[in-house]
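Worksheet for the structure shown next.
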Amino acid sequence: MVIEDLEGIVDGTQWSPRDCSDKIESDGNSDEAVYGLEMGKQDAVYSYAWFPCASCMDDSSFCFASSGRGRPVHIYDGYTGGIRGSYVAMDATRDEMVSVYSVAFSGSGQFLYGGGISTVYVFDVTCPGKYSDGYLLKSVDDTQQGIISSVVPGVVGTALEHVVAVGSYGTYGAGLHDIRSREMICLLEGHSGGVTHMEFSVDGNYLYTGARKDGSLFCWDARYLTGAVYTIRRESTRTNQKIYFDIEPSGRHLASGGDDGRVSIYDLRDGKPVSAFQAAPDCVNGCHFHPSEALLATSHGERQFSSPDIDSDEESQVKSNNLIGLWAFDTCNLIEET
């Protein structure tokens, strides 16, 4: 199934953790939607994250966080679209609100992480309002400069559940931080561009990182940190878009979009490609496996500019081209369109 004619520019898609909904993100004066639930017009959406225990069977848990340009981080009700709470990141030196570029919940849902400029803010979900208690991750200011583009907590119930991975545009690597001491453990370097997206493996032992205009995804063993275990090659060097990847719930395969319009599937035992399919005419910027069904959601969004004749008085026209695709798969024939 393919969903078309969406407003704005779609640059990501994400299933809710416990079924029921598909969250679609758009940027630039666009809407956020949860199966048709419109949140209203707003400025560019930077990041979003479902509450980790979100379930349509529990109204209190069915919510997600979103950050955007020039506004606080909001937690939205997944049914009504209403704002449940707002969390304001403050610049301590100028005493003014700053934008948050990436958001993530801790595994328990108690804390909400927000990536700012060379800073990670940690909000207590139960206490909306201004961030003011000085709870920052140390060493970020010194070693990870620029926009904090990705914050990924360790997997709950594993030896690394106290670790949070932090990626930035200014430093071409991912920093691992201990949230108990708030100190950096190490910096994983090797990308040729700023880190845009990261994910821990299902067992929590491995970290996968991707970067802007970089054709490599690195697999790191987060327990030993002796260098990348292997490299996954993907088509992502010809676009500045953030290209997401995702690991299927069983932990065996990873799917990534590409700037050639294809989605590639890789075996995580060795990083080798096992399947690929054409999902869009141009860059596929998002893909996400359903948490319990054999479905993969993909997204494609771009602006197309017409080129009027040089002697014409007509202005260049801008057209948005957006696609959301839903694809069925199994372990034998990995992907087919629903």
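Heavy-atom basis, side chains included; hydrogens, waters and symmetry copies ignored. These numbers were taken from a predicted model, which means no experiment stands behind them.
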Legend entry - Backbone N/O of L254 and side chain of Y208: donor-acceptor pair under 3.5 Å: no
Inset, instruction - Evaluate the ring planes of H197 and Y244, with Trp represented by its six-membered ring, and classify them as parallel (under 30°), tilted (30 to 60°) or perpendicular (over 60°). - result: perpendicular
Inset, instruction - Spell out, as yes or no, whether a donor-acceptor pair under 3.5 Å connects the side chain of Y76 to the backbone of G85. - result: no
Legend entry - Nearest-0.5 Å distance, CG of residue L160 to CG of residue L207: 10.0 Å
Inset, instruction - May I ask you to decide if the ring planes of W50 and F62 are parallel, tilted or perpendicular, using 30° and 60° as cut-offs? - result: tilted
Legend entry - Interatomic spacing from CD1 in I117 to OG in S168 - rounded to 0.5 Å: 10.0 Å
Inset, instruction - Mind checking ring-ring contact (aromatic ring centres under 6.0 Å, His included) for H300 and listing every partner two or more places apart, or none if nothing turns up? - result: none
Legend entry - Main-chain N/O of I185 paired to E183 side chain as donor or acceptor, under 3.5 Å: no
Legend entry - Exercise: do S256 and R234 side chains pair donor with acceptor under 3.5 Å: yes
Inset, instruction - Of all the heavy-atom pairs spanning S61 and S55, show the shortest one and how long it is. - result: OG-N, 3.2 Å
Inset, instruction - Return the minimal non-hydrogen interatomic distance between V155 and S201, and the atom names on each side. - result: CG2-O, 3.6 Å
Inset, instruction - Please report the shortest heavy-atom distance between H290 and S292, naming the atom on each side. - result: ND1-N, 3.0 Å
Inset, instruction - Rounded to the nearest 0.5 Å, what's the gap from CH2 on W220 to CG on L225? Could you check? - result: 9.0 Å
Legend entry - Ring-face cation contact, Y206 with R223, 6.0 Å cut, 45° max: yes
Inset, instruction - Report the residue from F218, F245, Y266 that forms a side-chain contact (heavy atoms from CB on, under 4.5 Å) with I232. - result: Y266
Legend entry - Donor-acceptor contact below 3.5 Å, side chain S67 vs main chain V103: no
Inset, instruction - Taking side chain to side chain contact (heavy atoms under 4.5 Å, CB included) as the test, write out the residues that go with S149, two or more places apart. - result: Y169
Inset, instruction - Scan side-chain atoms only and decide if S66 and R71 contain a donor-acceptor pair under the 3.5 Å cut-off. - result: yes
Inset, instruction - Measure the SG-CG distance between C186 and D178 for me, rounded to the nearest 0.5 Å. - result: 11.5 Å
Legend entry - R84 (side chain) donor-acceptor with S60 (main chain) under 3.5 angstrom: yes
Inset, instruction - Measure from the side-chain N and O atoms of S275 to the backbone N and O of I265, and report whether any donor-acceptor pair falls under 3.5 Å. - result: no
Legend entry - Pair N285, S299: side-chain N/O donor-acceptor within cut-off below 3.5 Å: yes
Legend entry - Short side-chain to backbone donor-acceptor contact, D246 and F289, under 3.5 Å: yes
Legend entry - Residue of the set E248, H253, R252 for which side-chain hydrogen bond (donor to acceptor under 3.5 Å, both in side chains) holds with S250: E248
Legend entry - Non-hydrogen atoms of F200 and V163 that approach each other most closely: CZ-CG1, 4.5 Å
Inset, instruction - Mind running side-chain contact (heavy atoms from CB on, under 4.5 Å) on L296 and V263 for me, showing each step along the way? - result: CA-CA 10 Å; L296 177 72; V263 172; 4.1 Å; yes
Inset, instruction - Kindly determine whether K213 and S236 satisfy side-chain contact (heavy atoms from CB on, under 4.5 Å), including the steps that lead there. - result: CA-CA 6 Å; K213 299 194 77 171; S236 58; over 6 Å; no
Inset, instruction - Would you check if the side chain of D259 reaches a backbone N or O of T237 as a donor-acceptor pair within less than 3.5 Å? - result: yes
Legend entry - Closest non-hydrogen atom pair, F105 against P153: O-CG, 3.2 Å
Inset, instruction - Dump the intermediate steps for side-chain hydrogen bond (donor to acceptor under 3.5 Å, both in side chains) on S86 and H74, then the final yes or no. - result: CA-CA 5 Å; S86 298; H74 296 312; 2.8 Å; yes
Legend entry - Residue pair D221, T226: steps toward the side-chain contact (heavy atoms from CB on, under 4.5 Å) verdict: CA-CA 8 Å; D221 190 327; T226 56; over 6 Å; no
Legend entry - Contact summary for G257 and I243, nearest pair of heavy atoms: O-CG2, 3.4 Å
Inset, instruction - Report the C-alpha distance between Y87 and V125 in whole Å, list the side-chain angles of each, state the deciding distance to 0.1 Å, and finish with yes or no for side-chain contact (heavy atoms from CB on, under 4.5 Å). - result: CA-CA 9 Å; Y87 305 82; V125 172; 3.9 Å; yes
Inset, instruction - Could you go through the side-chain hydrogen bond (donor to acceptor under 3.5 Å, both in side chains) check for H191 and T209 one step at a time? - result: CA-CA 9 Å; H191 284 293; T209 61; 2.8 Å; yes
Legend entry - Check: G70 main-chain N/O paired with S99 side-chain donor or acceptor under 3.5 Å: yes
